[in-house]
Amino acid sequence: MSQKLQAPRGTRDFYPDEMRLRRWLFDHFEEVARRYGFEQIDAPIVEHEELFTRKAGEEIVEQLYHFELHDRRLALRPEMTPSLARMVLARSGSLRMPLRWFSLPQCWRYERMTRGRKREHYQWNMDIWGEPDVTAEAELIAAACDLLDRVAIPRGDVKIRINNRKLLEQTLAQSVLRERPERFAPLCVVIDKIDKIGPDAVLELLTDPGGEVALPPEDGRFVVDWLGLRDLGDALSSGPAHSSGGAELSRLFELLDAYGIADRVVFDASVVRGLAYYTGVVFEAFDTAGELRAICGGGRYDNLLETLGGRHTPAVGFGLGDVVIGELLADRNLLPDCTRELDALVFPFGETERRAAVGVATALRKQGLAVDLVLNEARLKRVLSDADHNGARRVYLLGPDELARGEVLVRDLQSGEQHTEPLAEPDGEPPHN
RNA sequence: GUGGGCGUAGCUCAGUUGGUUAGAGCGCCAGAUUGUGGUUCUGGAAGUCGGGGGUUCAAAUCCCCUCGCCCACCCCA
């Protein structure tokens, strides 16, 4: 096939087989969102590029799909949060807080591909606006856990690492960053890489005199040592005396215990996330086997609306992409067998019976059934074979004999049993989904 | 970006000392008489052997270039 006829690298076509799996996953996203009282929103996939450029060395900004059209600089959204913030800002006077909004945006990022990383993915976003308390974080983390349960990932195969940028910021504010608090965001962007490049490389970046952070070596060492903490108690005792960030974490873990998910979360001082706008609690889900990149990530971004010119509005959210969780499910053989489902197939033997067949199909469709009507003149053998192939439960057969008697012959494909029904009111069963 | 592997029918793949019309399984299509599927049997269609160039009497097979896919590393959400 000509290369120009292939989908661009890193993008996917969804044939019915794949689409059914996607539908299955999205149904779970939507159902969890519904159970937590979230309402769905959407926004344009194309935004003004400026909405996404934040100059903190974020990779997400460097990997924008962008283009210029009629003197406008536009970009495909690499994530949903800026669009969401834009929407909140536009109606900030009339929105009744707190808000619980979710979305299923397709997001784009131009980067080199590896396993679990494409240039396009669908990301389930769950956000709460207007709630400064960590009760919001707890609610979101619980929702993420519910999703993992719904797709049957064994408890323990995925855990959620939690940290609080505020705790780190408050710790560093008294020492390393006392003279340069503005370097905190770029510092977090660098720290985010620690899992991928290791502590030594992070130290190098932090202390690079030409870098955005440019810490003295001993200060860099202090930061990297801090990141090694995995026990909240240790972090609290070695942090500042009355850190609100530490107190938030203690409270959050308590709340998560109330949700019954204390065993699925861990404190990890090295988690900061790679986006500049996070201000407080940050978290990410990862597979405990360590085979994949983060499955889900999120956190609190209380200042984002202000940076767009709005009023200070607390907000917290997470994103969970379809690609990584799809890999995880495929690896564990947890993807369901989604077969096509069709309630009925209606078959007129010839054009003489078509009018009656249309009537049967219409009546069944009015009952809410999924009905395929054979559109051409076909042989019965072929029609039954098609019906079988397409997962139809019943076939409504209309030949000259049936028409003469004012009946339709109904064949159940599972049992092979047949019975007749009066043509006037064919008796479909309720839809099965 | 570097290294390695792969690219033959819709899919999974056979096919080397270069040698007639390039194969299998699955799938697809059509039959096995009159209006009955999932099984079986028979037959059929379908491939610029990823693309381009070169060597040769002759290339799926050898060489070069190129594109694409996979893995690892590098890099990075």
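Numbered from 1 within each chain, the chains take letters A, B, ... in sequence-line order.
Annotation: A/Phe26 is not in aromatic contact with A/Trp124 [ring centroid separation under 6.0 Å not met]. With ring centers used as reference points, A/Tyr277 lies under 6.0 Å from A/Tyr301.
For B/G15 and B/U34, the C1' atoms lie 47 Å apart once the distance is rounded to whole Å. Nucleotides B/C64 and B/A24 have their P atoms positioned 33 Å apart, rounded to a whole Å. Rounded to the nearest Å, the gap between the C1' atom of B/U61 and that of B/C49 is 10 Å. Taking atom P on both B/C63 and B/A59, the two are 15 Å apart, rounded to the nearest angstrom. Straight-line distance between the P atoms of B/C26 and B/U21: roughly 28 Å, to the nearest whole Å. Straight-line distance between the C1' atoms of B/G37 and B/G19: roughly 49 Å, to the nearest whole Å. The C1' atoms of B/C76 and B/U12 are separated by 34 Å, rounded to the nearest whole Å. Using P as the reference atom, B/U17 and B/A60 are 15 Å apart when rounded to the nearest Å.
The side chain of A/Leu397 lies closest to B/G35, out of B/G37, B/G35, B/C76. In the set B/G35, B/G37, B/C76, the nucleotide with an atom closest to the side chain of A/Phe349 is B/G35. When each of B/G35, B/A30, B/G37 is scored by its nearest atom to the side-chain atoms of A/Leu384, the top-ranked nucleotide is B/G37.
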(message) side chain to side chain donor-acceptor pair (under 3.5 Å), that's the test. Do A/Ser243 and A/Gln170 meet it? Break it down for me.
(response) CA-CA 7 Å; A/Ser243 162; A/Gln170 285 164 347; 2.5 Å; yes
(request) Any chance you could lay out the side chain to side chain donor-acceptor pair (under 3.5 Å) test for A/Glu421 and A/His419, step after step, and finish with the verdict? (result) CA-CA 7 Å; A/Glu421 291 174 15; A/His419 67 277; 2.7 Å; yes
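For A/Leu292 and B/C76, the CG to P distance is 20 Å, given to the nearest whole Å. Between the CD atom of A/Glu204 and the P atom of B/C76 there is a distance of 11 Å, rounded to whole Å. The separation between A/Asp386 atom CG and B/A30 atom P is 9 Å, rounded to whole Å.
In this structure, A/Arg379 reaches the B/G31 phosphate: one of its side-chain N or O atoms is under 4.0 Å from OP1 or OP2. Residue A/His389 has no polar side-chain atom (N or O) positioned under 4.0 Å from OP1 or OP2 of B/G27. Look at A/Lys381 and you won't find any side-chain N or O under 4.0 angstrom from OP1 or OP2 of B/U36.
Side-chain contact annotation: A/Glu47 with A/Ser83, donor-acceptor N/O pair under 3.5 Å present.
Within 4.0 Å of A/Gln418, counting heavy atoms only, lies at least one base atom of the nucleic acid. Looking at heavy-atom distances under 4.0 Å, A/Ala387 makes no contact with the nucleic acid at all. Residue A/Leu409 is in base contact, counting any heavy-atom pair closer than 4.0 Å across all strands shown. Residue A/Glu79 is out of contact with every strand shown, counting any heavy-atom pair closer than 4.0 Å.
For RNA chain B, each stem of at least three Watson-Crick or G-U pairs (distances under 3.5 Å) is given as range with range: B:1-7 with B:67-73, B:10-13 with B:23-26, B:28-32 with B:40-44, B:50-54 with B:62-66.
Scanning atom types as modelled, no donor and acceptor separated by under 3.5 angstrom connect the side chain of A/Arg9 and the base of B/G68.
Screening A/Arg23, A/Arg12, A/Lys118 for a salt bridge (Lys or Arg N to Asp or Glu O under 4.0 Å) involving A/Asp322 leaves a single residue, A/Arg12.
Along RNA chain B, the nucleotide closest to A/Gln414 and the one closest to A/Leu398 are compared, and the more 5′ of them pairs with A/Leu398.
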